[in-house]
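Working notes, beginning with the structure itself.
Indexing begins at 1, ligand by ligand and atom by atom, following the structure's order. Hydrogens, waters and symmetry mates play no part in the numbers below; they use all other heavy atoms, side chains included.
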Amino acid sequence: MEVIIRPNEDDASRLVAKIIARELRARPQLVLGLATGRTMETVYDKLACLHRDEGLDFSLCRTFNLDEYIGLSRDDPHSYRHYMNEHLFARVNIDQRNTHLPNGMATDVKAECKHYEHLIHDCGGIDVQLLGIGRSGHIGFNEPLSAMRSRTRDKALTPETIAQNAPLFGGDLSKVPRRAITMGVGTILECGRCIVLATGAEKAAIVAKAVEGPITSTITATAMQLHAHCTVVVDEAAASKLKNTDYYRWIFDNEPEWQEFRR
Ligand code: F6R
């Protein structure tokens, strides 16, 4: 794992967009795992700008989102499909047929989860997975005590996650779906590379636990410590409770991989 600290949210999300752009340019058929939530909005805006201004090409790219609410149709303005269309898919030259999210309206949820795993497998697995961290420490909707080997399945959301996401439902807790389909921790750990983005002071405590705390299923983001190629990007606010920041900064300043991103 490596931790990159950027001065603010804008710089942190620009760096994440640039890493994804570099991966996509190197491999136009990239299988990209995507996340939703407020943190990712700036990343998608920057990717859309890279498409518009520099011709970043998504035409061969295939995507798999981490999760979708159960009970919301793809046209529902609160669905993650709608979010992805609005923030990214409609703004770049991606083929909609290459974009995948779990079907939150599936009548047979277990079959849908199995189907999603098969789709990922048939695409050759996820090359790069983008991740946020929830206040409960979740990645995807892998709430506390999700098994480290869990696969795509339906999960109940914790009260903390329901409260975190309520602003997107007009602040009405009762409108936030209680369940979601999510890739499992095991599914996520199989991807080729993870990029985790967390910004803002409200994420500082959970980022410190995820990066420097013991690995535990009560904070599924700690599973990232097990991944062979994981980059955690944070702004100064989200980094404020980390202990080893001098070391992280030294690595960023000295690793050849980051040379083009230091400018
Ligand atoms: C959403 C997802 C979640 C979010 C996390 C952070 O697809 O996978 O794990 O990344 O809840 O959400 P925000 O960015 O809204 O704080």
Q: Treating Ile, Leu, Val, Met, Phe, Trp and Tyr as nodes and any side-chain heavy-atom pair under 4.5 angstrom as an edge, say whether Ile139 and Val232 lie in one connected cluster.
A: yes
Q) Heavy atoms, side chains only, cut-off 4.5 Å: are Phe58 and Leu56 in contact? A) yes
Q) Can Leu173 be reached from Phe169 by stepping across I, L, V, M, F, W or Y side chains whose heavy atoms are under 4.5 Å apart? A) yes
**Q.** From Leu226 atom CG to Ile215 atom CD1, the distance as rounded to the nearest 0.5 Å
**A.** 4.0 Å
Q: Apply side chain to side chain contact (heavy atoms under 4.5 Å, CB included) to Phe89 and Arg81, showing your working.
A: CA-CA 9 Å; Phe89 298 156; Arg81 164 62 75 176; 3.8 Å; yes
Q: Would you tell me which option among Gly140, Gly132, Pro167 has the nearest heavy-atom contact to atom 9 (O) of ligand 1?
A: Gly140
Q: With heavy atoms only and a cut-off of under 4.0 Å, state how Lys203 meets ligand 1: side chain, backbone, both or neither.
A: side chain
Q: Could you list the atoms of ligand 1 found under 4.0 angstrom from a heavy atom of Leu66?
A: 8 (O)
**Q.** Test of proximity, Gln164 against ligand 1: N or O pairs below 3.5 Å
**A.** yes
(Q) To check your reading of the model: name the closest protein heavy atom to atom 5 (C) of ligand 1, its residue, and the distance in Å. (A) His138 NE2, 3.5 Å
Q: Indicate, as side chain, backbone, both or neither, the part of Thr39 found under 4.0 angstrom from ligand 1 when only non-hydrogen atoms are considered.
A: both
Q: Select one of side chain, backbone, both or neither to describe which atoms of Thr36 lie under 4.0 Å from any atom of ligand 1, heavy atoms only.
A: both
Q. Going hydrophobic residue to hydrophobic residue with side-chain gaps under 4.5 angstrom, can you get from Ile70 over to Leu66?
A. no
Q: May I ask you to identify the nearest protein heavy atom to atom 15 (O) of ligand 1, giving residue, atom name and distance to one decimal place in Å?
A: Arg38 N, 2.9 Å
Q: State the atoms of ligand 1, each with its element, that fall below the 4.0 Å cut-off from a heavy-atom position in Gly37.
A: 14 (O), 15 (O)
(Q) Taking 4.0 Å as the limit for heavy-atom contacts, which would you say applies to Ile133 with ligand 1: side chain only, backbone only, both, or neither? (A) backbone
Q) Please state which protein non-hydrogen atom is closest to atom 8 (O) of ligand 1 and give its distance, to 0.1 Å? A) Asp67 OD2, 3.0 Å
Q: Give a yes or no on whether Met1 and Phe261 share a hydrophobic cluster (residues Ile, Leu, Val, Met, Phe, Trp, Tyr; joining criterion: side-chain heavy atoms under 4.5 Å apart).
A: no
Q) So how far is it from His82 NE2 to His87 NE2, rounded to the nearest 0.5 Å? A) 9.0 Å
